[in-house]
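Here's the structure, in structure tokens; my notes come after.
Predicted model, so just to flag it, every value in this text is computed and none were measured. Start at 1 with the first residue, then count along the sequence.
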Amino acid sequence: MSLSSPARAESRSGLRGAEAAAFRQAVALLEEARRGGHAARAAAILTTGLLWDAVLLASADPASALPPPLRRELASLARNVLKEVNGPAPDLDFLITVNGQVLSGLAVWH
């Protein structure tokens, strides 16, 4: 069964909304980590890492509707974010900025 164009558009819109929610949550946790202690920081870093692992995997999916150049750029960005997340002292301000920028880009879809 194939989805009609309006149904596909609604499906993509719902997906973009879920993606935006994931980035919104990551930003909120990272901002809380700036104010909180070790547990808040660990939760924010873990969530951010899982989110960007998913971005990296999705960007490698040949069935993705995104154009290959955009998928390559997203993969590069994901690798850089994951490098930061997995470093000895992740820069929360950098992570908030990157996640916030992606969230802003998704804003047109939700």
Side-chain angles (χ1 to χ4, degrees):
M1 177 174 112
S2 93
L3 296 174
S4 65
S5 286
R8 275 192 301 243
E10 185 176 323
S11 177
R12 281 192 303 268
S13 177
L15 178 60
R16 297 298 177 251
E19 291 168 347
F23 281 97
R24 194 175 298 110
Q25 178 188 18
V27 169
L29 288 171
L30 289 162
E31 288 174 343
E32 178 65 28
R34 279 199 292 201
R35 296 184 299 274
H38 179 73
R41 184 178 180 88
I45 297 301
L46 175 64
T47 299
T48 301
L50 291 172
L51 175 59
W52 284 95
D53 278 338
V55 170
L56 186 58
L57 286 172
S59 66
D61 183 357
S64 171
L66 296 176
L70 179 56
R71 290 191 355 240
R72 283 191 298 274
E73 292 299 320
L74 281 171
S76 177
L77 179 59
R79 285 189 294 274
N80 283 306
V81 170
L82 290 168
K83 181 178 177 184
E84 184 65 35
V85 164
N86 293 316
D91 182 342
L92 297 180
D93 291 330
F94 167 76
L95 295 172
I96 290 168
T97 298
V98 170
N99 284 293
Q101 290 294 316
V102 172
L103 177 58
S104 293
L106 289 169
V108 299
W109 297 101
H110 63 97

Task: By side chain to side chain contact (heavy atoms under 4.5 Å, CB included) - contacts of A22 (at least two apart) - done: L51
Open item on the list: Is there a path of hydrophobic side-chain contacts, each under 4.5 Å between heavy atoms, that joins L29 and V55?
Closed with: no
Task: Partner residues of L57 under the side chain to side chain contact (heavy atoms under 4.5 Å, CB included) criterion, sequence neighbours left out - done: none
- [ ] Would you name the heavy atoms of E31 and R35 that are closest together and state the gap between them?
- [x] O-NH1, 3.3 Å
TODO: Scan residues 40-51 for pairs that pass salt bridge (charged side-chain N to carboxylate O under 4.0 Å, His left out), counting only residues two or more places apart or in two chains.
DONE: none
TODO: Look up atom CD1 in I96 and atom CG in L103, then write down how far apart they are to the nearest 0.5 Å.
DONE: 12.5 Å
Task: Shortest non-hydrogen contact from L56 toward S59 - done: O-OG, 2.8 Å
Task: Pairwise salt bridge (charged side-chain N to carboxylate O under 4.0 Å, His left out) hits with a residue in residues 50-68, at least two apart - done: none
Task: salt bridge (charged side-chain N to carboxylate O under 4.0 Å, His left out): pairs with one or both residues in residues 73-95, sequence neighbours excluded - done: R34-D93
- [ ] Measure the spacing between CZ of F23 and OG1 of T47 and express it to the nearest 0.5 Å.
- [x] 12.5 Å
TODO: State, to 0.1 Å, how close V102 and L77 come at their nearest heavy-atom pair, and which atoms those are.
DONE: CG2-CD2, 4.3 Å
Open item on the list: Tell me whether L82 shares a hydrophobic cluster with F94, the cluster being built from Ile, Leu, Val, Met, Phe, Trp, Tyr side chains joined at under 4.5 Å.
Closed with: yes
- [ ] Could you tell me whether the side chain of I45 reaches within less than 4.5 Å of the side chain of N86, counting heavy atoms only?
- [x] no
- [ ] For residues V85 and W52, determine if any side-chain heavy atom of one lies less than 4.5 Å from a side-chain heavy atom of the other.
- [x] no
Task: With P62 via side chain to side chain contact (heavy atoms under 4.5 Å, CB included) - residues at least two apart - done: none
